[in-house]
Structures are given as C-alpha cells and as structure tokens.
Amino acid sequence: MHYDLVIFDNDGVLVDSEPISNRLLAGYLTELGHPTSYKDSLHDYMGSAMHRVHDLVEERTGQRLPVDFDDVFHARVFAAFERELKPIAGAVEVLERLAADGVPYCVASSGSHERIRVGHRTTGLDRWFDDERIFSSQDVGRGKPAPDLFLHAAERMGVAPERCVVVEDSPLGVQAAVAAGMDVYGFASMASAEKLAGATRLFVDMGELTELLR
C-alpha cells in the first residue's frame with residue numbers, strides 16, 4: 001500500500017449524515033431569523049466545525065447565535081440520527097479490508113466527539129473505532145480548512161504527514177488535507193468534482209476506495 005495511515009472524515013464519508021444535519025441546520029437558522037436554504041447550508045457549512053456557523057452568522061448579520069444554539073442543534077441532529085442515519089454504502093467493506101490487511105486508519109472529523117460516537121453507535125461503525133482512533137476538531141484550536149486536525153491525528157497515530165492519505169467529501173476538508181501536506185482522495189458524492197478539484201484523486205463510489213489505495 002502507498003500509505004502508512006488512512007485518515008477518514010466522518011460525516012459524508014463513513015456515515016450518511018450530511019443531508020440530515022444540513023437540512024436541520026438550515027431549518028434552525030431560518031427559524032432564528034437567518035434565512036438559510038439546504039443548498040446554502042451545504043455551500044457554507046458542509047465539513048466545518050460549529051464555530052464556523054457562529055462566525056459566519058455574526059460576520060454577515062452582526063448578531064450572535066443563542067448561547068444554547070449548539071446544544072439545541074445537536075439534540076435535534078441526534079434524534080434524527082436515531083431515526084434515519086445509515087453508514088455510507090461500501091464504508092463497512094473498506095474498513096473490513098483495511099483491518100484485515102493490518103493498515104492503520106482513524107477518523108478525524110469537524111464534528112464533536114459526542115456526534116462522532118452517536119453516529120458510530122447508531123450505524124454499528126463503533127466496532128471499528130476505539131477511542132485511540134477518533135479525533136475531533138474539539139481536540140485542536142482550529143477546525144477545517146486549517147490543517148491542525150489532520151496534523152494532530154497523524155502525530156497521535158505516529159505517522160509522518162507525507163505518509164498519510166485523507167478521505168474527504170467536502171471542499172473545506174480537501175483544503176485542510178492539502179495544507180497538512182497529505183494526499184487526499186475526494187469522495188465526490190455530494191460536492192461536485194469541480195469543488196473537490198484540489199484532491200489528489202477523485203472517486204464517486206466508496207467501493208472503489210480499497211483498490212485506489214493500493
């Protein structure tokens with residue numbers, strides 16, 4: 001294999017959560033007087049940490065979101081996860097192959113530790129990720145598109161950045177991986193290939209990934 005570590009984004013790469021969370025985010029922002037469409041949410045916030053939502057709203061409107069915004073939003077998201085969330089098609093097979101081949105892997109997500117774990121428990125992916133394989137933007141000062149999270153994950157896993165490959169589905173995540181000096185495979189499932197143009201390689205079916213990594 002070309003790499004010593006595979007770093008997965010979580011939302012939209014391992015779990016099919018982006019449609020759920022962006023639908024709810026758009027609805028909640030609109031409810032609070034900040035009209036946001038589903039398309040707007042994907043464009044502005046897909047792949048980002050929660051602080052980006054607060055920062056952009058304040059930058060554009062001069063208003064701050066409520067202090068309990070994150071708690072209310074996550075409660076809505078987690079309830080929807082219980083009803084709707086599924087793993088990305090082909091993700092389990094990729095994890096099975098990496099584990100069988102002894103290839104180190106981890107997840108590095110803009111989402112909170114709680115969000116990652118709720119999603120994994122709901123979809124059964126928790127069997128593949130112990131605590132030592134889970135990294136969140138909560139662990140670093142800046143979320144994507146800053147490289148901090150991916151560099152943190154690589155350091156904790158004991159692998160040099162140039163020996164890592166990141167699997168990402170968002171433009172912000174691709175930017176972060178490139179800034180970290182890592183190869184990045186862009187999963188063009190929701191974002192277009194054009195928006196992921198900075199990726200080392202692009203693919204549209206998670207079932208392709210195992211062979212692409214060889």
For this session: Mind checking side chain to side chain contact (heavy atoms under 4.5 Å, CB included) for Arg64 and listing every partner two or more places apart, or none if nothing turns up?
Result: Glu58
For this session: For Ser110, enumerate each residue passing the side chain to side chain contact (heavy atoms under 4.5 Å, CB included) test, keeping only those at least two apart in sequence or located in another chain.
Result: Ala49, Lys144
Cluster check [X], [Y]: I/L/V/M/F/W/Y, side chain < 4.5 angstrom:
{"X": "Val72", "Y": "Phe81", "value": "yes"}
{"X": "Val107", "Y": "Leu172", "value": "no"}
{"X": "Val94", "Y": "Val103", "value": "yes"}
{"X": "Met190", "Y": "Val204", "value": "no"}

Exercise. Is the Phe150 to Phe135 ring centre distance short of 6.0 Å?
Worked result: no
Can you pull the salt bridge (Lys or Arg N to Asp or Glu O under 4.0 Å) pairs that have at least one residue in [range], sequence neighbours excluded?
{"range": "residues 17-28", "result": "Arg23-Glu84"}
{"range": "residues 108-125", "result": "Asp11-Arg115, Arg117-Asp131"}
{"range": "residues 194-213", "result": "Glu211-Arg214"}

Exercise. So does Arg76 have more than 12 non-hydrogen atoms from other groups sitting under 6.0 Å from CZ?
Worked result: yes
For this session: Flag yes if more than 12 heavy atoms outside His43 fall under 6.0 Å of its NE2 atom; otherwise flag no.
Result: no
Problem set entry | Cationic tip of Arg133 above Tyr105 ring, under 6.0 Å, 45° of axis | yes
Problem set entry | Donor on one side chain, acceptor on other, Asp183 and His2, under 3.5 Å | no
Exercise. Taking only residues at least two apart or on different chains, which pairs with a member in residues 158-181 satisfy ring-ring contact (aromatic ring centres under 6.0 Å, His included)?
Worked result: none
Problem set entry | Check: Thr200 side chain, Tyr185 main-chain N or O, donor-acceptor pair, under 3.5 Å | no
